Amino acid sequence: MQVLMNTVSPKYNAYNNFNNNKQQFNRQPSFGANTDEVVIKVVKKSNFLKKTITAIKSVPKKLTQASAWLVPKLFDNKFMDKLSVKLQNSDNLFKHFLAIGSAITSGMYMYKTLQNDKLDKDRKNTLAVNQFLTFVLSTAGAYALDGSINDWWQKMTAKYAAASLEDKTILTDFVKEFKEAKEENKKIKAFNKTAAAADKKDLKSVRADAFIKERLGNYLVDAADRKAFMDRIKGMSFLKSMLVFALVYRYIVPVAVTKPANILCEKYLAHKKNEEKNDD
């Protein structure tokens, strides 16, 4: 005969169940992992958030599509074709691109200055004006310096070609013809001032690359060698503009202008503060 002994009474079970329910009811809510899981479930089920995330992800694609439509419209047209043909042989095209790049950079400097919350309004405005004037002076100075050393650089280009081809007569002949062309151009300019439009004459070429190209066949037989050599000669003009613009934009004007401009800026701010005190 097997005897089963149950030591827990029905009253004890009812008492335990009541206490457990009471503890669960009085327990403070947990803001830990359970809450995070609830938030994640809500986010996943939220149509608004789904649409927002989808819209954000579609921005790069829409920008790409807009660019694909806009860029051809801007550059693939008759106006740009005519402009490209007109500028393709321009001596100043490379300089213009350097100036445009500097304009973009200076514009960003001015924008960041005006958006700087750590500076008061007057100082922001004066610094932005300072940056604008520095850009204007740098651009004007770079163009002026580039043009003023053009004759000297043409001789340097001829000297470089003579050293590369190991023929000093190239430099001698170029210097001679260069002087003759310059004198002839003075006469042509004087004549064109009083001549009728139909009678005006064209100026003589004083470019080293044209002079060297006419004589290069005497030194280099292969057409590919001549083309490669002329590319180096043409690159000399780009090198000149690059050096001049970098020197003016990054050294000459900042050194010459920044300090006086800062002094004027401080004097202006001090004068304005004094006026405000007197008004009060």
Side-chain angles (χ1 to χ4, degrees), residues 82-103 105 135 137-193 195 199-256:
K82 292 180 180 179
L83 184 64
S84 300
V85 172
K86 186 176 182 180
L87 296 177
Q88 64 181 351
N89 295 321
S90 174
D91 297 336
N92 297 321
L93 186 59
F94 184 70
K95 290 182 283 188
H96 295 337
F97 277 116
L98 292 176
I100 292 171
S102 298
T105 304
F135 164 71
L137 291 174
S138 298
T139 303
Y143 275 98
L145 181 59
D146 188 86
S148 65
I149 67 170
N150 187 58
D151 290 351
W152 172 78
W153 192 260
Q154 294 294 325
K155 294 177 184 177
M156 291 295 296
T157 303
K159 188 174 182 179
Y160 167 76
S164 300
L165 298 172
E166 298 181 353
D167 190 342
K168 295 181 180 180
T169 58
I170 290 179
L171 178 60
T172 304
D173 292 343
F174 173 77
V175 172
K176 180 181 178 181
E177 292 193 16
F178 186 82
K179 290 180 179 180
E180 292 175 353
K182 294 289 286 184
E183 292 297 326
E184 184 67 21
N185 283 339
K186 289 180 181 179
K187 296 178 181 179
I188 293 174
K189 288 179 180 179
F191 173 80
N192 288 342
K193 287 182 179 180
D199 297 331
K200 289 184 178 181
K201 301 178 181 179
D202 294 329
L203 297 174
K204 298 290 183 181
S205 175
V206 291
R207 293 179 59 91
D209 55 353
F211 175 86
I212 295 167
K213 187 176 181 179
E214 292 177 358
R215 291 154 179 76
L216 196 57
N218 299 330
Y219 303 93
L220 299 176
V221 178
D222 186 70
D225 292 339
R226 291 197 297 271
K227 183 180 181 304
F229 188 83
M230 286 308 304
D231 288 341
R232 288 158 57 190
I233 296 300
K234 290 179 180 178
M236 291 289 288
S237 63
F238 298 145
L239 176 63
K240 177 198 67 170
S241 297
M242 192 183 303
L243 291 174
V244 167
F245 273 69
L247 184 66
V248 172
Y249 275 109
R250 300 304 175 194
Y251 183 73
I252 295 178
V253 171
V255 171

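Owing to the predicted nature of the structure, the values given are computational and were not obtained by experimental measurement. Below, all heavy atoms of this structure are taken into account, side chains as well, without hydrogens, waters or symmetry copies.
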With sequence neighbours excluded, residues passing side-chain hydrogen bond (donor to acceptor under 3.5 Å, both in side chains) with [X]:
X	result
Arg226	none
Asp231	Lys227
Lys182	Asp151

Q. Taking the inter-plane angle between the rings of Tyr143 and His96 on a 0 to 90° scale, is it parallel (under 30°), tilted (30 to 60°) or perpendicular (over 60°)?
A. tilted
(Q) side chain to side chain contact (heavy atoms under 4.5 Å, CB included) for Val206 and Gln154? Distances and angles first, verdict last. (A) CA-CA 8 Å; Val206 291; Gln154 294 294 325; 5.9 Å; no
Nearest heavy-atom neighbours spanning [X] and [Y]:
X	Y	result
Trp153	Met236	NE1-O, 2.9 Å
Val248	Ala142	CG1-N, 3.8 Å
Asn185	Lys204	OD1-N, 2.6 Å
Ala158	Ala208	N-CB, 4.3 Å
Phe135	Ser102	CE1-C, 3.8 Å
Ile170	Ala162	CB-CB, 4.1 Å

Q. Within a reach of under 6.0 Å around CZ of Phe97, are more than 12 heavy atoms found that belong to other residues, nucleotides or ligands?
A.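 At most 12 heavy atoms, drawn from other residues, nucleotides or ligands, come within 6.0 Å of this atom.
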Q. Does CG in Asp222 sit with more than 12 non-hydrogen atoms of other residues, nucleotides or ligands closer than 6.0 Å?
A.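 Correct, the count exceeds 12.
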How far does [atom1] of [X] sit from [atom2] of [Y], to the nearest 0.5 angstrom?
X	Y	atom1	atom2	result
Leu98	Leu93	CG	CG	10.0 Å
Ile233	Phe211	CD1	CZ	11.5 Å
Leu203	Ile188	CG	CD1	5.5 Å
Trp152	Thr157	CH2	OG1	9.0 Å
Lys159	Lys168	NZ	NZ	10.0 Å
Phe174	Arg215	CZ	CZ	9.5 Å

Q. Do you know which of Tyr160, Phe229, Tyr219 makes side-chain contact (heavy atoms from CB on, under 4.5 Å) with Ile212?
A. Phe229
Q: Answer yes or no: is there a donor N or O on one side and an acceptor on the other, between the side chain of Ser241 and the main chain of Phe238, under 3.5 Å?
A: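 Here the side-chain-to-backbone pair does not exist.
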